[in-house]
Amino acid sequence: MLPVDLPNQAPPSALAAEPIIRAEKIEKYYAQPSQNRIQVISATDLSILPGEILALLGPSGSGKSTMLRMLSGLSTPTAGQVYWHQKPIAEAEINVSIVFQSFALFPWLTVLENVEAPLQARGVEPEVRRARSMKMLDTVGLDGFEAAYPKELSGGMKQRVGFARALVVEPEVLFMDEPFSALDVLTAENLRSELLELWANKTMPTKAVFLVTHNIEEAVLLADRIVVLGRNPGHIRTDFRVQLPQPRDRKSEAFTQLVDYIYKVLTRPDVVPAQAPDQHAAPAVRDQRQMHYQMLPHARPGGVAGLLELLLDKGGRDDIYHLANDLAFEIDDLLPIVDAAQLLGFLTVEEGDAAITRGGSEFANSEILRQKELFRVAAVDHVLLLRQIRRALEAKSDHTVPEEFFLDMLDEQFSEEECLRQMETAVTWGRYAELFDFDAGRRRFVLPDASEEDAAADSAKDSPGPEDSN
Amino acid sequence: MNIQQPLARSLITARTWPVFMDLVVASLALAAFIGVVSTGVYWLGKPVPVVPISNSISALPLYAFYSIVRMSIAYLLSLAFAIGYGYTAAYNKRVEPWMVALLDILQSIPVLSFLPPVVLAMVALVPGHQMGIEMGVILLIFTGQVWNLAFSFYSSLKSIPKEMVEATRIYRYSAWQRFFQLEMPYAAIGLVWNSIVSVAGGWFALIACEMFTMGDRSFQLPGLGSYLQTATANGDIKALVSGFAVVILIVVATDQVIWRPLIAWSDKFKFEQVESADRVTSPVLELLRRSNLFSSLPGRVFAKIEEPIFRRLARSHECQVVQPLDQDEPKPSPLLWVLAAAALAAAVWGAMRAVFMLSSVTWPELRLLLEGAAATFLRVNVALLISAAWTVPVGVAIGLNPKLARIVQPVAQVMASVPATAFFPILLIGLVKIGGGLGIGSIALMLLGTQWYILFNVIAGAMSIPSDLREVSSLFHFTRWQRWTKLILPGIFPYLITGMVTASGGAWNASVFAEYTHLADRTLQTVGLGAQIDAATDSGRFPLLLLATIMISLMVVTMNRLVWRRLYHLAETRFKLEG
């Protein structure tokens, strides 16, 4: 049974799929001897469908944690029934894990023993146990810490152990009870993006994630579907899908609209919530069709050259993760370079592999001057901003243009900070490609020296220089 | 001294269950007592060989050995019972209040009151044999040790953080895995500290119980206790001093070889999120750790045993399905109803028989008992006041000075473990020479036995006053009076209460030994309830013993409810430092 109000259309795949966990009219109340009942949660229906991250948002006292415990089988509802693949959850052999707010690690066990413990409970052989746990610790980035005790670790590392322990049993549903609220802001950010990575790359066989949080931004950042709870007694106020594509930009209009909507719902407990805002107008950050200006990846031309050479060395095609490992790069540092190369048409990305194109091979095999020329051609072809700058410089009689002019145009698409970064990257590329020069003192673009241009033009093409063409 | 958890005796003040439960449980206990005494008296007629106790120093090592063996057996029994009892009480909501009520009442009964039923039961089991007395004495020591341990284990189980229990459920731990990976480690520190206290109490009991008379029969076993008692009866100072020296030797050795390594090792189980700076060190533990055999062998042996067990258990039902934490208790089976009915019948029968037995107590005896009760009550409170008067200033001074604390702590720990009953005879002989009576002497014994509890707790309390509060007091130049009334006394209040509750219980227990002693050719005694219990046991007057025991138990439990619980509540609400 699907939830009642679905203002946004669910993608067809989810509708057809059978829910993994389904709660039917579950209630939680405590009977008092004086015939009164303390109703914590009123009759609620909720389904957890495969392939989605579901966030449960609510103010304190709305029974979010109670709901999580009922859905995971830890707590029996006082009324109603919870089903696991159509079987009552108390009798089914369910495979779920919970990541706790306070980490719930055992202080007298080492990190490795903490992660192995659930496998011990399943009677797994010691060697297999150890291998699986080590691999999982590697995945969460704690390689080398197996023999440490929890009290020696920072909060973020402790929660990574919590994640490792939860994922080592390969749960079908991963429950998380405010997992990031005990961490500082930066660590929480890190872990959130790592979680999204693990989820997106299907590194874990987990089919669904159920997240309880009181942080609206976190919910909108992570979730595919958000359920907002009200309190007194706990009940569902709204349930809608989030269709912003990942990675989500906090500053984008659709994001802030959604956060505002949820904020309004939470702060007006008496009002029936309106429909969730339409999210189809949200421009994807990397969706180049919607934007006028492509968002330049912040990579240096040298980096692109290096990557292409390496790729060629590997036979022209390699998995991006292998590349990152070989270079001892964080995947976050490698991706802008890959994006830049892709933008310029030097490589394509297919199913997590980077494959070099013909243009890219030529680029990688050339020597430096030829490389610059190829880069210039590709940049003018594919990057609107650079094309515009070059055109403007050629059109003006004094061949200089102030930076402000282009910043103004970028401003309509990007935040102020991002504008400056885009401009910086464009300047770096333009300089490398010898498309233009940038006078940092006067903040003006300048065509490279006429004489240099002439010399290059004469030696390369024996055709009239740019200023002669009208 | 880092008292990680309050001494378990004080936890009874947190109970809120109704008086009715106490009454029913008390009647059940009475029923048991009467049943045993009635059957036991029958067997008493059989002769038991009496072993003579020599007073020469050469006999000391052997006697020490016997006493140590008895203590060890009693301690292991107590530990096993405490774990079993605590586990059952913590996880069976239906019987939990009853079991805790029983623990509360049994804890308030002085060890010597257990003497007749225990000894009689054991003699009945193994009639005509020395073994019966041995088992009886071991069980007596057991009764002096077990309640504390049971309370400690029970309260540890109840205070495990909820998320850790949830983790064990969601990952489907078997009861075995949960016990060894969660429950025992969590309870370890409490058990270690309470074991130290319990063993000290055990020595206290052993010295008094290895030799006693009941009715017209006298029982004695070869051991340190009977050695000391015989020496007292003969007035042999040299034997007394040497016996006492051996006791001290054993206590110090136990402290160094067993307790300190255990405390240092149990640091591993401290449930804190950050490394702490000061830890107890133990050279013996370092030695053991460095030896390869000791550090790797237990681990390997354990692992070998564990693996097949885990594999078997993984197939059991509880490891396949997530067990909810708040599962409704299954409806009680008819068997339970039958048992409950039988218990109720027994309780009623016990109450009736008790009344019948008590009716044989004459009025003058009753008046004597009441006077004794008042006298002992007064003495216990005077002892408490005197203890508090000196331990609070000294404890605060030590606690606020960490260097001093580090030196004093191990010494105080040893001194607390020395059973006061061991040197009480020496003290007495000295007192008698000066001309004082047992009235003062009994207060002295109570002091010696129980002031250490208050001292430790006050030190712990002073150490835990947050440094920022102290900084405030020096910043604003508090006067000495202000410092004491606004900072120190409120800060140590919860700890002080814990210490005083423990000390009060110990003092009542000690009154039995303090108010009645056989010295040289005469029997010293003073007006007091403890003396009455002793005298009744000596002469075999069981109804009197029963009445006196009931009175002591009643007074202790009432004091707990009326006074200590209120103060504890105050400590928890108004004087608690963290939020």
Side-chain angles (χ1 to χ4, degrees), chain A residues 28 30 65-66 68-70 72-78 82 84 87-109 113-114 116-126 129 149-155 158 162 165-166 168-169 171 175 177 182, chain B residues 160-178 180-189 265-276 279 299-300 303-304 306-329:
Chain A
K28 191 78 175 166
Y30 298 108
S65 293
T66 317
L68 183 148
R69 275 148 183 85
M70 285 200 283
S72 59
L74 271 184
S75 173
T76 331
T78 344
V82 178
W84 169 270
K87 260 177 91 175
I89 203 168
E91 302 155 20
E93 290 178 18
I94 72 177
N95 190 3
V96 302
S97 292
I98 302 187
V99 177
F100 294 95
Q101 181 179 11
S102 67
F103 325 127
L105 298 180
F106 291 51
W108 41 82
L109 297 178
E113 286 168 354
N114 263 293
E116 275 187 357
L119 294 177
Q120 263 183 331
R122 280 152 214 239
V124 177
E125 305 286 314
R129 244 179 16 219
Y149 282 96
K151 61 169 84 142
E152 303 170 40
L153 304 177
S154 70
K158 278 194 264 218
R165 178 177 65 178
V168 81
V169 296
F175 287 92
D177 190 2
Chain B
I160 298 180
K162 190 151 176 270
E163 289 197 338
M164 291 179 76
V165 182
E166 286 174 352
T168 62
R169 294 279 170 156
I170 202 77
Y171 295 122
R172 299 188 243 138
Y173 283 22
S174 55
W176 166 278
Q177 188 174 5
R178 199 166 50 238
F180 280 108
Q181 284 192 3
L182 178 64
E183 289 159 355
M184 272 304 275
Y186 193 79
I189 294 188
W265 176 71
S266 70
D267 236 16
K268 180 172 156 178
F269 303 116
K270 219 192 283 200
F271 192 78
E272 60 182 15
Q273 304 296 2
V274 191
E275 288 257 33
S276 84
R279 339 179 71 218
R300 273 186 277 144
K304 266 222 159 78
E306 270 189 330
E307 289 308 318
I309 299 182
F310 278 128
R311 269 198 295 277
R312 273 283 307 283
L313 286 170
R315 289 194 281 265
S316 72
H317 184 255
E318 76 171 323
C319 283
Q320 309 277 21
V321 177
V322 171
Q323 312 268 6
L325 275 173
D326 55 2
Q327 202 158 38
D328 288 326
E329 296 268 331

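Every chain is numbered from 1, with letters handed out A, B, ... down the list of sequences. All values derive from a computational prediction rather than experimental measurement.
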Engaged part of A:Y149 at the chain B interface, taking heavy atoms whose separation is under 4.5 Å
side chain

Looking at CZ of B:F310 and CG of A:L119, how far apart are the two atoms once the value is rounded to the nearest 0.5 Å?
11.5 Å

Taking the side chain as every heavy atom from C-beta outward, state whether A:N95 and B:R172 have any pair of such atoms under 4.5 Å apart.
yes

Search all heavy atoms of B:Q181 against all heavy atoms of A:L109 and return the closest pair with its distance.
OE1-CD1, 4.1 Å

Hey, does A:L74 have a side-chain heavy atom less than 4.5 Å from the side chain of B:P324?
no

Here the gap from A:R122 atom CZ to B:S174 atom OG, rounded to the nearest 0.5 Å, amounts to 12.5 Å

B:I170 versus chain A, the contacting section by heavy-atom distance below 4.5 Å:
both

Interface moiety of B:I309 toward chain A, non-hydrogen atoms closer than 4.5 Å:
neither

Indicate the atoms forming the closest heavy-atom contact of B:Y171 with A:I98, along with that distance.
OH-O, 3.2 Å

What is the distance from atom CD of B:E166 to atom OG of A:S72, rounded to the nearest 0.5 Å?
8.0 Å

Closest non-hydrogen atom pair between A:V124 and B:E307, with its separation
O-OE1, 4.4 Å

Interatomic spacing from OG in A:S65 to NZ in B:K162 - rounded to 0.5 Å:
8.5 Å

Counting only non-hydrogen atoms closer than 4.5 Å, does A:E113 touch chain B with its backbone (N, CA, C, O), its side chain (CB onward), both, or neither?
neither

With rounding to the nearest 0.5 angstrom, report the CG to CE distance, A:L105 to B:M164.
8.0 Å

Picking from A:G155, A:A166, A:A117, A:P171, which has the most non-hydrogen pairs under 4.5 angstrom with chain B?
A:A117

Sort A:R69 into side chain, backbone, both or neither according to what part of it lies under 4.5 angstrom from a heavy atom of chain B.
side chain

Does the B:E163 side chain pair with the main chain of A:F100, one donor and one acceptor, at a distance under 3.5 Å?
no

With the side chain counted from C-beta on, respond yes when B:Y186 and A:W108 share a heavy-atom pair under 4.5 Å apart, and no when they do not.
yes

